[in-house]
Engineer: 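Before anything else, here's the structure in question.
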Amino acid sequence: MPTNRARAKANPTPAVPVRKLTEDTMWSLWRAFALLAAMELDVFTRIKSGKRTAREIAQDAGANEAAMARLLDTMIALGYLRRVKDRYSLEPIADACLARGSDLYMDGAAMIARGLTMGWLQLTEVVRTGKPAVRENPEARAREFFPLLVRSLFPANYVAARAAAASLARERRHQIANVLDVAAGSGAWSLPFAERFPKARVTVLDFPEVTPIAREYAEKHGVADRYEFVEGNLREADFGRERYDLVILGHIVHSEGPEWGRRLVEKSAAALRKGGTLMIAEMVPNDTRTGPAPEMLFSLNMLIHTPEGDVFTMSDYRKWLRAAGLRNVKTLKTPAAPSPLILASK
Ligand SMILES: C[S@@+](CC[C@H](N)C(=O)[O-])C[C@H]1O[C@@H](n2cnc3c(N)ncnc32)[C@H](O)[C@@H]1O
């Protein structure tokens with residue numbers, strides 16, 4: 001009989017980072033759920049409005065004080081709160097994005113994350129069958145979902161768009177006068193252009209359930225008088241020809257799939273004036289589709305929730321852009337978007 005020591009020598013423990021598995025199977029989920037609970041209990045807004053101790057915050061939220069203290073201390077560990085003795089305060093990111101009323105408030109993000117989680121719990125079955133988790137009437141469900149989703153996307157996309165508008169303002173010799181924001185949602189991608197280019201007029205195209213949200217944000221940003229709202233389905237809508245200096249495809253190609261992704265690029269290119277710019281904001285994986293992780297996880301998110309959606313590589317986009325007659329394809333890194341923005345000119 002071999003001794004334990006001899007057995008260990010014959011089968012040495014492989015030097016694999018086992019802890020990564022614990023993190024990937026449990027802790028990364030727990031991080032998200034802890035933050036969701038804090039958002040659903042609105043602890044960040046309560047702290048901003050002056051409730052500072054676990055007792056005050058718990059009373060205000062109708063929650064248990066000891067349990068609340070544990071959640072709040074975990075929020076310190078995750079980088080969202082600070083505490084001096086028993087008094088909590090907000091880290092800058094929580095102050096800017098997680099307390100109601102702030103300009104970059106991630107409105108509805110917890111509800112969206114909870115909704116998407118229901119789909120993610122079915123991923124094993126989705127991979128077995130190759131069919132999305134949401135099967136019955138996906139368009140009707142999307143129309144209910146988008147008005148919530150676009151508010152939660154606003155902060156990250158607006159911050160990224162501000163960087164893009166600054167970059168285009170530096171580069172371009174002429175003004176941007178006409179902008180088409182396709183599938184605009186809150187208008188997060190076009191608002192910074194309307195703010196930076198005082199003559200710019202923006203046409204928003206989206207479902208009728210969503211354009212009132214773009215109007216609301218345009219009003220909040222003081223540019224609604226230069227916004228026009230077109231309601232309809234982007235697959236049927238006429239984008240026009242040679243009409244715009246800037247066409248924006250902000251996080252729409254991924255849900256349209258490869259055929260309509262390509263056609264959207266084509267329609268957008270036709271709608272540009274000579275010298276105009278197409279700006280695509282998307283999750284773009286590397287050309288071998290092996291990373292980065294957020295982009296590949298997003299491709300699974302599309303597999304779960306859409307019949308055709310996916311992420312597309314820079315090679316795919318270059319091919320589509322070239323075929324649509326666009327040139328000078330460039331990428332622009334911004335602080336808030338995971339993948340760089342894609343810019344091409346006519
Ligand atoms: C992921 S959101 C992106 C919103 C915004 N562009 C952003 O990046 O913040 C997708 C948007 O596309 C709109 N949309 C999706 N399919 C559409 C279609 N077939 N016709 C018009 N709008 C559509 C949705 O209503 C939603 O506003």
Side-chain angles (χ1 to χ4, degrees), residues 97 104-109 112-113 115-116 119 134 137-165 179-194 202-218 220-221 227 229-239 246-257 259-261 263-265 267-268 271 278-284 294-295 298-299 301-302 304-312 334 336-342:
C97 301
L104 295 177
Y105 178 54
M106 286 185 90
D107 199 358
I112 290 292
L116 293 178
V134 181
N137 205 345
E139 196 193 310
R141 294 189 63 141
R143 283 172 176 241
E144 283 167 23
F145 167 76
F146 283 132
L148 284 174
L149 175 72
V150 301
R151 289 179 188 276
S152 73
L153 297 178
F154 177 80
N157 293 347
Y158 177 75
V159 170
R162 238 180 359 205
V179 179
L180 174 64
D181 191 351
V182 179
S186 63
W189 291 103
S190 51
L191 280 171
F193 287 92
V202 180
T203 304
V204 150
L205 168 64
D206 210 307
F207 290 131
E209 292 84 345
V210 179
T211 52
I213 298 168
R215 187 188 298 276
E216 176 192 319
Y217 277 81
K220 207 153 77 183
H221 286 248
Y227 265 69
F229 304 91
V230 177
E231 292 171 348
N233 190 322
L234 55 81
R235 293 192 178 189
E236 286 138 28
D238 178 9
F239 292 7
L246 175 68
V247 177
I248 303 170
L249 294 176
H251 292 296
I252 184 63
V253 175
H254 61 242
S255 53
E256 288 297 302
E259 175 53 20
W260 265 99
R263 286 167 73 174
L264 263 185
V265 168
K267 278 175 80 157
S268 304
L278 173 61
M279 180 171 99
I280 304 176
E282 266 308 334
M283 304 289 285
V284 185
E295 281 76 354
F298 199 82
S299 80
N301 191 43
M302 287 298 102
I304 294 166
H305 293 106
T306 66
E308 298 159 311
D310 198 354
V311 294
F312 302 100
T334 68
S339 302
L341 303 175
I342 303 171

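In each ligand, atom 1 is the first atom listed, and ligand 1 is the first ligand listed.
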Engineer: How close does the nearest protein non-hydrogen atom get to atom 8 (O) of ligand 1, and which residue and atom is it?
Structural biologist: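 Nearest protein contact, heavy atoms only, for atom 8 (O) of ligand 1 is W189 NE1, 2.8 Å.
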
Engineer: Just how far is it from atom NZ of K220 to atom CZ of F154, taken to the nearest 0.5 Å?
Structural biologist: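 It is 6.5 Å, given to the nearest 0.5 Å.
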
Engineer: Measure the shortest side-chain to side-chain distance between R151 and Y217 over non-hydrogen atoms and say whether it is less than 4.5 angstrom.
Structural biologist: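 SC-SC contact between R151 and Y217 confirmed.
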
Engineer: Which residue holds the protein heavy atom closest to atom 19 (N) of ligand 1, what is that atom called, and what is the gap in Å?
Structural biologist: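 The answer is N233 OD1, 2.9 Å.
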
Engineer: Would you say the side chain of F239 lies within less than 4.5 Å of the side chain of L205, judging by non-hydrogen atoms?
Structural biologist: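 L205 vs F239: side chains touch.
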
Engineer: Under a 4.0 angstrom heavy-atom cut-off, which atoms of ligand 1 come close to V210?
Structural biologist: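 In order of number, 25 (O), 27 (O).
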
Engineer: So which of S190, A188, A183, G232 gets nearest to atom 21 (C) of ligand 1, if we judge by its closest heavy atom?
Structural biologist: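 It is G232 that holds the nearest heavy atom.
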
Engineer: Around atom 9 (O) of ligand 1, find the nearest protein heavy atom and jot down its residue, atom name and distance.
Structural biologist: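 Nearest protein contact, heavy atoms only, for atom 9 (O) of ligand 1 is N157 ND2, 3.0 Å.
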
Engineer: Side chain to side chain contact (heavy atoms under 4.5 Å, CB included) between I304 and L116: does it pass, once the steps are laid out?
Structural biologist: CA-CA 9 Å; I304 294 166; L116 293 178; over 6 Å; no

Engineer: Are the side chain of E282 and the backbone N or O of P340 linked by a donor-acceptor pair below 3.5 Å?
Structural biologist: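 Such a contact is absent between E282 side chain and P340 backbone.
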
Engineer: Taking both backbone and side-chain atoms of D181, is any N or O found less than 3.5 Å from an N or O belonging to ligand 1?
Structural biologist: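 There is no such contact.
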
Engineer: In the structure I gave you, are the side-chain heavy atoms of Y227 and V204 within less than 4.5 Å of one another anywhere?
Structural biologist: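 Yes; the side chains approach each other to less than 4.5 Å.
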
Engineer: Which of these, H251, R143, E282, R235, has its nearest heavy atom closest to atom 1 (C) of ligand 1?
Structural biologist: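 Checking each option, the heavy atom nearest atom 1 (C) of ligand 1 is found in H251.
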
Engineer: As an exercise, identify every atom of ligand 1 less than 4.0 angstrom from a heavy atom of L149.
Structural biologist: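 Counting atoms of ligand 1 from 1, those under 4.0 Å from L149 are 1 (C).
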
Engineer: Identify which of D206, I213, T306 has a heavy atom lying nearest to atom 27 (O) of ligand 1.
Structural biologist: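 Ranked by closest heavy atom to atom 27 (O) of ligand 1, first place is D206.
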
Engineer: For I252, take its heavy atoms, then give the atoms of ligand 1 lying under 4.0 Å from any of them.
Structural biologist: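 Ligand 1 atoms under the 4.0 Å threshold to I252: 12 (O), 14 (N), 15 (C), 16 (N).
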
Engineer: Does the side chain of L153 come within less than 4.5 Å of S186's, by heavy atoms?
Structural biologist: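 Answer no - side chains too far apart.
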
Engineer: In the protein, what heavy atom is nearest to atom 20 (N) of ligand 1, and what distance, to one decimal place, separates them?
Structural biologist: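 Protein heavy atom at minimum distance: L234 N, 2.8 Å.
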
Engineer: Do ligand 1 and H254 have nitrogen or oxygen atoms that lie under 3.5 Å from each other?
Structural biologist: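 Between H254 and ligand 1, no N or O pair is found under 3.5 Å apart.
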
Engineer: Judged on heavy-atom distance to atom 15 (C) of ligand 1, which of Y158, F146, W260 sits nearest?
Structural biologist: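 When every heavy atom of Y158, F146, W260 is considered, F146 comes closest to atom 15 (C) of ligand 1.
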
Engineer: Counting both backbone and side chain atoms, is some N or O of S186 under 3.5 Å from an N or O of ligand 1?
Structural biologist: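 It does not: no N or O of S186 is found under 3.5 Å from an N or O of ligand 1.
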
Engineer: Using the ring centroid of each side chain, check whether Y158 and H221 are separated by less than 6.0 Å.
Structural biologist: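 Y158 vs H221: aromatic centres under 6.0 Å.
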
Engineer: Can a donor-acceptor pair be found, under 3.5 Å and without considering hydrogens, that links the side chain of N157 to the backbone of W189?
Structural biologist: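 Here the side-chain-to-backbone pair does not exist.
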
Engineer: Any heavy-atom pair between the side chains of I112 and F145 that's under 4.5 Å?
Structural biologist: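 Heavy-atom side-chain distance check passes, below 4.5 Å.
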
Engineer: Give the residue, atom name and distance (to 0.1 Å) of the protein heavy atom nearest atom 16 (N) of ligand 1.
Structural biologist: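 Checked against all protein heavy atoms, atom 16 (N) of ligand 1 sits closest to F207 CE1, 3.5 Å.
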
Engineer: Looking at atom 5 (C) of ligand 1, what's its closest protein heavy atom, distance included?
Structural biologist: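 Nearest protein contact, heavy atoms only, for atom 5 (C) of ligand 1 is A184 O, 3.3 Å.
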
